Amino acid sequence: MAFHTINGRSVAYRLLGAQVNPLVVLAHPLGMSQAVWDDVIPALLPRYRVLTWDIPGHGASQAVSGEQITPADLAAEALALVELAGASRFHFAGTSIGGVVGQQLIAAHSERLLSVTLTNTGAVIGNPDLWNTRAGRVRQEGLVAMSQEIVPRWFAPATFEASPALKAGWCTQMGRGDDESYAQLCEMLGRDTFTGKLSGKNTRVQLFGGSEDMATPPATLEALAAELDGPPLEIFNGVGHVPSVEAPALFAEKLLAVLAADLGDVANQGVAYATGLETRKQVLGEEHVARSTANANSLDAPFQQMITRLAWGELWSNDDLTRRERSMITTGILAALGREELTLHLKTAKRIGLSEAELRQVLMHVAIYGGVPAANHAFALAKELGWGE
């Protein structure tokens, strides 16, 4: 876990995975922490970089410092961490109040979003009286006492039966939170809604809910779908309010399907230039792509467009192989053929996070199947570029 100061507050976050992979930002529910994603993250890391954080007064993040917090404040916190990660565009997934953050991003920053997955949330959640009453009780009674009442609402009964320690664990976690931060977030949920703010944003959205969710039942998700111009909605049978905790394998599978680039009808229509360009920037770095584009003239501009569509769109954007696997294949082929682009892809292999042992094995395969002189040249070039000690 790391910490970053945003508007004078210390914010706890995790940034995991290779820099070249597309960024996925995950936002947790009210009263919980970024730990809700722990069983989902391992499935994402081979193909994505993952950013999680604790909202104000939750987990290890510092409490609120003002008298009122808004969805815009929470979204600004997420965007500050995205800037820290160096990403211009990103995928977002959020549950409950985390989904409210996602709605704020759709409403005000849709151009930054590659996709948005909203689970167990709504354009309107509950009503002002409910949230104001809870805020008052939390200030008076404290989260330790209130957790015994609130935590059972998060999970389906069968989940508690299968894991009796779950209630005590999350009650403990909730009780460690800051009372005032939680109260202000309750008041925000009662005050700030997204009715009439989400239509026409041209953002790829997927909605998920739980059949046993008492806080945001399926009807709440259906109303949100109407606000968002009808994105797909799937309800998980037997799941409550937090699918990443109750059904992490199922949720990870569904989320990966959402995150995968939609390449369309590749055989008949190819892949859009914009798709290839996004991937090329992620893998090679925006500065390299900007230089290549600036150096192109009337002679080779069509060539640059072609390799962006074919190499970076149809190949590197395809999820059948991870970018790590593609890097090893590409480096091996270029080394065997002695191509000039080997220098670029040895640098890229570092960005992707290939280990020294992995690169060594790639080049030893080149020696056996492509020839010792080719491998010898590749080893020498890799050492010039900083590989090895």
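All values below were derived from every heavy atom in this structure, side-chain atoms included, with hydrogens, water molecules and symmetry-related copies excluded. Note that the structure is predicted; figures quoted are calculated from it, not measured.
For the residue pair N295/S292, the side-chain donor-acceptor check at 3.5 Å is not satisfied. If you check the side chains of R47 and T322, you find no donor sitting under 3.5 Å from an acceptor. Using modelled atom types, one finds a donor on one side chain and an acceptor on the other under 3.5 Å when comparing E246 with T159. Under the 3.5 Å distance criterion, with hydrogens and angles disregarded, a donor-acceptor pair is assigned to the side chains of Q304 and R280. At a cut-off of 3.5 Å, with distance as the only test, no side-chain donor of T121 or S96 sits close to an acceptor on the other residue.
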Run the side chain to side chain donor-acceptor pair (under 3.5 Å) test on S10 and T5 for me, step by step, so that the C-alpha distance in whole Å, both residues' side-chain angles and the decisive distance to 0.1 Å come before the verdict.
CA-CA 4 Å; S10 176; T5 301; 5.4 Å; no
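In terms of modelled atom types and a separation under 3.5 Å, the side chain of S61 and the main chain of V11 share no donor-acceptor contact. Judged by distance alone, the side chain of D300 and the main-chain N or O of F303 form no donor-acceptor pair under 3.5 Å. Distance alone, capped at 3.5 Å, places no donor-acceptor pair between the T95 side chain and the G98 backbone. Checked by atom type and distance alone, the side chain of D179 never pairs as donor or acceptor with a backbone atom of G142 at under 3.5 Å. At least one donor-acceptor pair closer than 3.5 Å links the side chain of R49 to the backbone N or O of A85.
Within the 4.5 Å cutoff, no side-chain heavy atoms of V239 are placed close to those of S211. The shortest distance between side-chain heavy atoms of W37 and F251 falls below 4.5 Å. Side-chain contact between V64 and Y182 is absent, with no heavy atoms from C-beta onward closer than 4.5 Å. L256 has its side chain within reach of Y48: a pair of non-hydrogen atoms, C-beta onward, lies under 4.5 Å apart. With a 4.5 Å cut-off on side-chain heavy atoms, L315 and L310 do not count as touching. Counting heavy atoms from C-beta outward, R153 and H241 have side chains that stay 4.5 Å or more apart. Side-chain contact between L74 and Q104 is absent, with no heavy atoms from C-beta onward closer than 4.5 Å. Side-chain contact between V82 and R89 is absent, with no heavy atoms from C-beta onward closer than 4.5 Å.
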Which atom pairs, one a donor and one an acceptor, fall under 3.5 Å between side chains of residues 184-194 and the rest of the protein, sequence neighbours left out?
{"unit_1": "Q184", "atom_1": "OE1", "unit_2": "Q68", "atom_2": "N", "d": "3.3"}
{"unit_1": "Q184", "atom_1": "NE2", "unit_2": "G66", "atom_2": "O", "d": "2.8"}
{"unit_1": "Q184", "atom_1": "NE2", "unit_2": "E180", "atom_2": "OE2", "d": "3.0"}
{"unit_1": "E187", "atom_1": "OE1", "unit_2": "R139", "atom_2": "NH2", "d": "3.3"}
{"unit_1": "E187", "atom_1": "OE2", "unit_2": "R139", "atom_2": "NH1", "d": "2.8"}
{"unit_1": "E187", "atom_1": "OE2", "unit_2": "R139", "atom_2": "NH2", "d": "3.4"}
{"unit_1": "R191", "atom_1": "NH2", "unit_2": "I69", "atom_2": "O", "d": "2.7"}

Please tabulate, for the side chains in residues 15-35, all donor-acceptor contacts under 3.5 angstrom to protein atoms that are two or more places apart in sequence or on a different chain.
{"unit_1": "H28", "atom_1": "NE2", "unit_2": "I55", "atom_2": "N", "d": "3.1"}
{"unit_1": "S33", "atom_1": "OG", "unit_2": "A35", "atom_2": "N", "d": "3.2"}
{"unit_1": "Q34", "atom_1": "OE1", "unit_2": "R14", "atom_2": "NE", "d": "3.2"}
{"unit_1": "Q34", "atom_1": "OE1", "unit_2": "T52", "atom_2": "OG1", "d": "2.5"}
{"unit_1": "Q34", "atom_1": "NE2", "unit_2": "D54", "atom_2": "OD2", "d": "3.0"}

Output a table of donor-acceptor pairs, distance under 3.5 Å, between side-chain atoms of residues 219-230 and any protein atom two or more places apart or on a different chain; print 'none' if there are none.
{"unit_1": "E227", "atom_1": "OE1", "unit_2": "G196", "atom_2": "N", "d": "2.8"}
{"unit_1": "D229", "atom_1": "OD1", "unit_2": "S199", "atom_2": "OG", "d": "2.7"}
{"unit_1": "D229", "atom_1": "OD2", "unit_2": "S199", "atom_2": "OG", "d": "3.3"}
{"unit_1": "D229", "atom_1": "OD2", "unit_2": "G200", "atom_2": "N", "d": "2.7"}

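I333 belongs to a hydrophobic cluster whose other members, connected by ILVMFWY side-chain contacts under 4.5 Å either directly or through intermediates, are L321, I329, L337. Apart from F3 itself, the hydrophobic cluster it occupies contains M1, where clustering links Ile, Leu, Val, Met, Phe, Trp and Tyr at side-chain heavy-atom distances under 4.5 Å.
The side-chain hydrogen bond (donor to acceptor under 3.5 Å, both in side chains) check on N7 picks up nothing, with sequence neighbours excluded.
The distance from the CG atom of L81 to the CG atom of L84 is 6.5 Å, given to the nearest 0.5 Å. Going from atom CZ of R324 over to atom CE of M328 covers 6.5 Å, rounded to the nearest 0.5 Å. The distance from the CD atom of E111 to the NZ atom of K201 is 9.5 Å, given to the nearest 0.5 Å. Remark: Q206 CD to T117 OG1 distance equals 6.5 Å, nearest 0.5 Å. For the atom pair NE2 (H377) and CG (L363), the distance works out to 10.5 Å, reported to the nearest 0.5 Å. Rounding to the nearest 0.5 Å places CD of Q148 at 12.0 Å from CD of E141.
The number of heavy atoms from other shown groups lying within 6.0 Å of CE (M214) is above 12. Counting heavy atoms of neighbouring residues, nucleotides and ligands inside a 6.0 Å radius, atom NE2 of H109 exceeds 12 of them. N297 CG: more than 12 foreign heavy atoms inside a 6.0 Å radius.
At a threshold of 4.0 Å, the pair K281-E287 does not count as salt-bridged, since none of the basic side-chain nitrogens sits closer than that to a carboxylate oxygen. The pair R112-E83 meets the salt-bridge criterion, since a charged nitrogen lies less than 4.0 angstrom from a carboxylate oxygen. Ionic pairing of R9 and E77 is present here: one or more N-O contacts between side-chain nitrogen and carboxylate oxygen are shorter than 4.0 angstrom.
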